[in-house]
Amino acid sequence: MSGFSAIGLELAVVVGALAILMIGVCVSSERRSFLSYVAALFVGLVLLSSFLVSWPEKQAFFEGTYLVDGLALFFKRLFLVAAGFVLVMASGSSRETAIGVEFPVLVLIALAGMMFAASAGGFILLFVALELVTVTFYVLVAFARNTRRSLEAGVKFLIIGAVTSAFLVLGMAFVYGATGTMNFDELRVAPIDVGNKQLFDIGLVLVFVGVGFKLAAVPSQIWAPDVYEGAPAPVGAFLASGSKAVGLVLIVRVMNSTMLQGETLWAVLLAVSAVASILYGALCAIPQKDLKRLLGYSSIVTAGYLLIGLASGSEAGIGASLYYMTAYTFAALAVFTVVSIVFGASEPAEIVGLAGLYKRSPLLAVALTLSMISLAGIPPLAGFFGKFLLVKSAVGSAGLKTGLVVLIGVMVVGILISIYYYFGVIRAVYWVAPSKDGKSIIVTRSERVALIMLMVGLVWLGLFPGRLIRASSGAVGSIAPSRQAIAEVVKHDGERR
Amino acid sequence: MTVGLNHYLAVSGLLFCIGLAGVLFRRNLLVVYMCIEMMLAAASLALVAFSRFRGDLDGQVLALLVISVAAAEVAVGLALIVAVCRRGLKPTADELAGMKL
């Protein structure tokens, strides 16, 4: 496989984005909503073609900067699925709001950035791809620029995003200074002198801050509630699904390449960040009245759960994180789809406004209930199984180390608190009488199909998780360092002592 | 006195901290953007310094990319400020603090 066929999926997405831009310029503004459908169909085609191509097991292209392996493919497919649903959502909401021709184009460009990021083989591609995603999202978050909330969200997102990317660059500089390489494969076996160990550790912490911005993990979580509340609903959905997954895959890549030199550092860093994220998110979510803002806090909690899987350090733990990320993606997409149908894309989504939703539209009520139950982690849905896997991997790898016991304790507390606030939403849907003007809600055919697919996904992943577990553990297995690499580092450590 | 790696790193660290302080304490969005640029420039300086003293070009390549990405970021940021002004708001941090805990 040559380099240019290796980046074929990304190239297709970029070309598709440009083509849709060209078509959009020629189409009158009333007929723009069909562009989102076209983009969604196109994304579906790319997803399909990713299954038809036979990919190499593990291969590096372009001087080792671009990797094709199981992990990259797993995440690329996840991004494609998320982008498809986001585009369907946008096509529905373009009816009443001014979601113009640029919207599907920007979504596709962000998608291309995410797919490049999943394949990053070194810090250079990591940075460029991450910034492609982030800068595109600055525009997307402020897309409803005639509303003040969207503008405010955009400005906040930009400032915090730019500051954390400065941290990321400084961290990369330190790691580079300590090891002399930016390539992940070389980094894994790079010798670090005793004098440089501190520089390396500080560098890793800074990189974690920079990449944690995408994941919405403490300490760079502060943007999440405001941006989720202010951004248009489809953008919020993409932030919760694709953008969060980018953070996860990049942390996995960086962690995987520096695990041998920085094992204790990673364990402490991930555990502290996970505990702080879960407690901060869960406690702040309790008094929220706006559903989108509630999801912002719930996304911080989710970042904490994902980090627990990584903190356990085992392949099973990382696989559990991948599984949970997929489950969360489906639930978050479903919730945001319901929000954008009930409230409109860029209006506030007060939970009170959901009163009597089951009378106004049973389908929306069922979809919202199922995704809330999945987010809360109640069997038999996907979210339950994801949390179960996370706890299981933590217990399995821990033996009985105290740190991981604390982690599991915090996770249980987080789950209990989250059941309270998720059920507040379900209560509003079924047990609060609708206000007088509660008319029934019109759901377009494509939105109905998307919601049903998401619900089937949630139930199916919960009842028959085997396939996804195999896929995620295969993805994690593909990045495991070779025995030879480990031996080399151990040998070098021995010489140093 | 010869200028060594540590001198460059000290300058870079100082610039970074000044930039961070500016982001935290200044209220005008334009000034905040400038401070962010300063942080990015500080980080690039560290990259170039490491690259020079290690005799490896990767760091300088990344520094070039950082500069171009920073330009893109500012372009979007200034567009946001224009959009804020068009709505009749002042581009300050206090004006854009509608959403709170």
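Values below: all heavy atoms of this structure, side chains included; hydrogens, waters and symmetry mates excluded. Convention: sequence-line order gives letters A, B, ...; per-chain numbering from 1.
The shortest side-chain heavy-atom distance between A/Leu126 and A/Val254 falls under the 4.5 Å cut-off. At a threshold of 4.5 Å between non-hydrogen side-chain atoms, the residues A/Trp223 and A/Ile159 do not count as touching.
Only the backbone of A/Thr179 has a heavy atom closer than 4.5 Å to any heavy atom of chain B. Only the side chain of B/Leu20 comes within contact range of chain A, judged by heavy atoms closer than 4.5 Å. Residue contact with chain A, scored on non-hydrogen atoms closer than 4.5 Å, involves the side chain of B/Leu29 exclusively. Residue A/Ala153 touches chain B through both its backbone and its side chain, counting heavy-atom pairs closer than 4.5 Å. Proximity to chain B involves both the backbone and the side chain of A/Tyr176, based on heavy atoms less than 4.5 angstrom apart. In this structure, the portion of B/Val32 lying under 4.5 Å from any heavy atom of chain A is its side chain and not its backbone. Only the side chain of B/Val23 comes within less than 4.5 Å of a heavy atom in chain A; its backbone stays farther off. When heavy atoms are compared at a cutoff of 4.5 Å, A/Leu199 approaches chain B solely by way of its side chain, counted from C-beta outward.
Aromatic rings of A/Tyr138 and A/Phe143 (six-membered ring for Trp) have centroids beyond the 6.0 Å cut-off, not under it. The six-membered or imidazole ring of A/Phe137 lies near that of A/Phe238, with a centre-to-centre distance under 6.0 Å.
Contact annotation for residues 3-15 of chain B against chain A (heavy-atom separation below 4.5 Å, listed by residue number): B/Ser12. By a heavy-atom distance cut of under 4.5 Å, B/Phe50, B/Ser51, B/Arg54, B/Asp56 are the residues of residues 48-56 of chain B near chain A, going up by number.
Contact record, B/Val66 with B/Ser44: CG1-OG, 3.5 Å, taken as the closest heavy-atom pair.
Side-chain polar atoms of A/Tyr66 and A/Glu10 form a donor-acceptor pair below 3.5 angstrom.
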Audit row: A/Asp226, A/Arg293, salt bridge (charged side-chain N to carboxylate O under 4.0 Å, His left out) steps and yes/no: CA-CA 7 Å; A/Asp226 285 352; A/Arg293 195 173 181 82; 2.9 Å; yes
Might you work through the side-chain contact (heavy atoms from CB on, under 4.5 Å) test for A/Val205 and A/Phe200, ending with a clear yes or no? CA-CA 9 Å; A/Val205 174; A/Phe200 180 75; over 6 Å; no
